[in-house]
There are 2 protein chains.
Amino acid sequence: MEKNAALPIFEALSSGIRLDVFRLLVRVGPAGMVAGELSAALDVPPTNLSFHLKTLTHAGLVSAEQEGRFQRYRANMALMRELIAYLTEECCTGMPELCGVDACA
Amino acid sequence: MEKNAALPIFEALSSGIRLDVFRLLVRVGPAGMVAGELSAALDVPPTNLSFHLKTLTHAGLVSAEQEGRFQRYRANMALMRELIAYLTEECCTGMPELCGVDACA
DNA sequence: TCTACGTTTCAAGAGTTCTATAAGTATCAT
DNA sequence: ATGATACTTATAGAACTCTTGAAACGTAGA
C-alpha cells in the first residue's frame, strides 16, 4: 500500500461515528447492514450517517450494494488486511518482530 | 486498546505531514531525530512542524526528550504494536485469519 | 550578563469538516 | 398513477484544523 492510499483510510477512521460504523459492520460480517439499521443502531440521523458512509466508501473501507430501495453496507476486510500489512511493513521498518506483532500466535 | 485510545491515533495519522513524520521516525529507529532535523528533512517550517509534533505526542505515537536545547523525537513502537493488535482483534472480529493477516510470513 | 540558537506558544486568517434542515431521487405497494 | 418508504444530495452555518509570522521561552556559549 502507498502512503496516498493509507492516508484517506486514516482520515476515514479518524471520526468517532465512522469508527463506530466500521466496527459494527465488521462485527456483523458478510451480512452487512442497511443504512437505516446503521442509523438506528448508532443513533445517528440518516442524513449525517449518509455523509459519513460516503467518506468510508470513498476510502474503500466500506462497500455499498443496492438492494431494492435499501442500501446495504459491508466492511471491506481486504483493505483492512492491507492496512495492517502497511502498518507492519512501512511503519515497523519491515521487521514485524520489531513491533512485536503476534497476529499469528 | 479502547476505541477512545484508537481514535486520537487515527486522527494523528490522518495528516500527510504527520504520517511523514511518523514514518521517518520509525525508519531512523531508536536514534530518533531532533525537531530541526525533521523540519529540514521534510521541508516543513519549524512552527508548523511543532504543531503536528504536538498532535503526534498527544496521541502517544511519538515521544519527546529534551537534549540540551534540542528536542529529540522518537516513534513509539509499542503503541504501533497495540494499534495493529487493535485492528486485528477489534476490527477483524478477533479472527486474524478472517483478515488474512500474514505478518509472520 | 549578553547574545545566539532551537524550539514552542500565541494569535489571526484561510480552508475543511461536521451537522442539520430541506429538497430530490428511486423503489415499492396500492 | 398515487403515496409511502429508504436513502442521498444540496445548502448553509457552526466548529474545527491547518498554516504562518511574531513573540516568548529555555539552553548554551562568549
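Residue numbering restarts at 1 for every chain, and letters A, B, ... go by the order of the sequence lines. Only this structure's heavy atoms are used, side chains among them; waters, hydrogens and symmetry mates stay out.
- To the nearest angstrom, P of D:dC18 lies 14 Å from CG of B:Asp20.
- Within the structure, every pair that satisfies the side chain to side chain donor-acceptor pair (under 3.5 Å) test and touches residues 42-52 of chain A, not counting sequence neighbours, is listed here: A:Arg18-A:His52, A:Asn48-A:His52.
- When side chains are defined from C-beta on, B:Met77 counts as touching B:Val26, because their heavy atoms get closer than 4.5 Å.
- Under the 4.5 Å side-chain criterion, counting only non-hydrogen atoms from C-beta, B:Arg27 is in contact with B:Arg23.
- When DNA chain C is scanned in the 5' to 3' direction for atoms under 4.0 Å from non-hydrogen atoms of chain A, the outermost contacting nucleotides are C:dC18 to C:dC28.
- Residue B:Phe70 belongs to a hydrophobic cluster whose other members are B:Val34, with links defined by side-chain heavy atoms closer than 4.5 Å.
- B:His52 has a side-chain polar atom (N or O) that falls below the 4.0 Å cut-off from OP1 or OP2 of D:dT19.
- Of the residues in residues 1-9 of chain A, none lies under 4.0 Å from DNA chain D by heavy-atom distance.
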Do any side-chain atoms of residues 54-66 of chain A form donor-acceptor pairs under 3.5 angstrom with protein atoms, and if so which ones, sequence neighbours left out?
unit_1	atom_1	unit_2	atom_2	d
A:Thr55	OG1	A:Phe51	O	3.4
A:Thr57	OG1	A:Leu53	O	2.6
A:Glu65	OE1	A:Arg74	NH2	2.3
A:Gln66	NE2	A:Gly68	O	3.4

Report each atom pair, protein N/O against N/O of nucleotides 8-10 of chain D, whose distance is under 3.5 angstrom.
unit_1	atom_1	unit_2	atom_2	d
D:dT8	OP1	A:Tyr73	OH	2.3
D:dT8	OP2	A:Ser50	OG	3.0
D:dT8	O5'	A:Ser50	OG	3.3
D:dT9	O4	A:Thr47	OG1	2.9

Please produce a list of atom pairs where a protein N or O lies less than 3.5 Å from an N or O of nucleotides 24-28 of chain D.
unit_1	atom_1	unit_2	atom_2	d
D:dA28	O4'	B:Arg69	NE	3.4

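- Shown here are the salt bridge (Lys or Arg N to Asp or Glu O under 4.0 Å) partners of B:Glu67, two or more places apart in sequence or in another chain: B:Arg72.
- The side-chain contact (heavy atoms from CB on, under 4.5 Å) search around A:Ala40 returns none, not counting sequence neighbours.
- Applying the side-chain hydrogen bond (donor to acceptor under 3.5 Å, both in side chains) rule to A:Lys3 yields the partners B:Asp20; only residues at least two apart in sequence or on another chain are considered.
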So A:Ile17 and A:Leu42, side chain to side chain contact (heavy atoms under 4.5 Å, CB included) or not? Walk me through it.
CA-CA 8 Å; A:Ile17 291 180; A:Leu42 299 173; 5.6 Å; no
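- Where A:Glu11 and B:Phe70 meet DNA chain C, the nucleotide closest to each residue was compared, and B:Phe70 sits on the side nearer the 5' end.
- Of all heavy-atom pairs spanning B:Leu79 and B:Met1, the tightest one is CD1-CE, 4.1 Å.
- Remark: the backbone N or O of A:Val44 is paired with a side-chain donor or acceptor of A:Ser39 at under 3.5 angstrom.
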Which side-chain N or O atoms in residues 5-13 of chain A pair as donor and acceptor under 3.5 Å with protein atoms at least two apart or in another chain?
none

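- Nucleic acid contact class of B:Arg72 (heavy atoms, under 4.0 Å, all strands): none.
- Remark: A:Arg69 pairs with no residue by the side-chain contact (heavy atoms from CB on, under 4.5 Å) rule, at least two apart or across chains.
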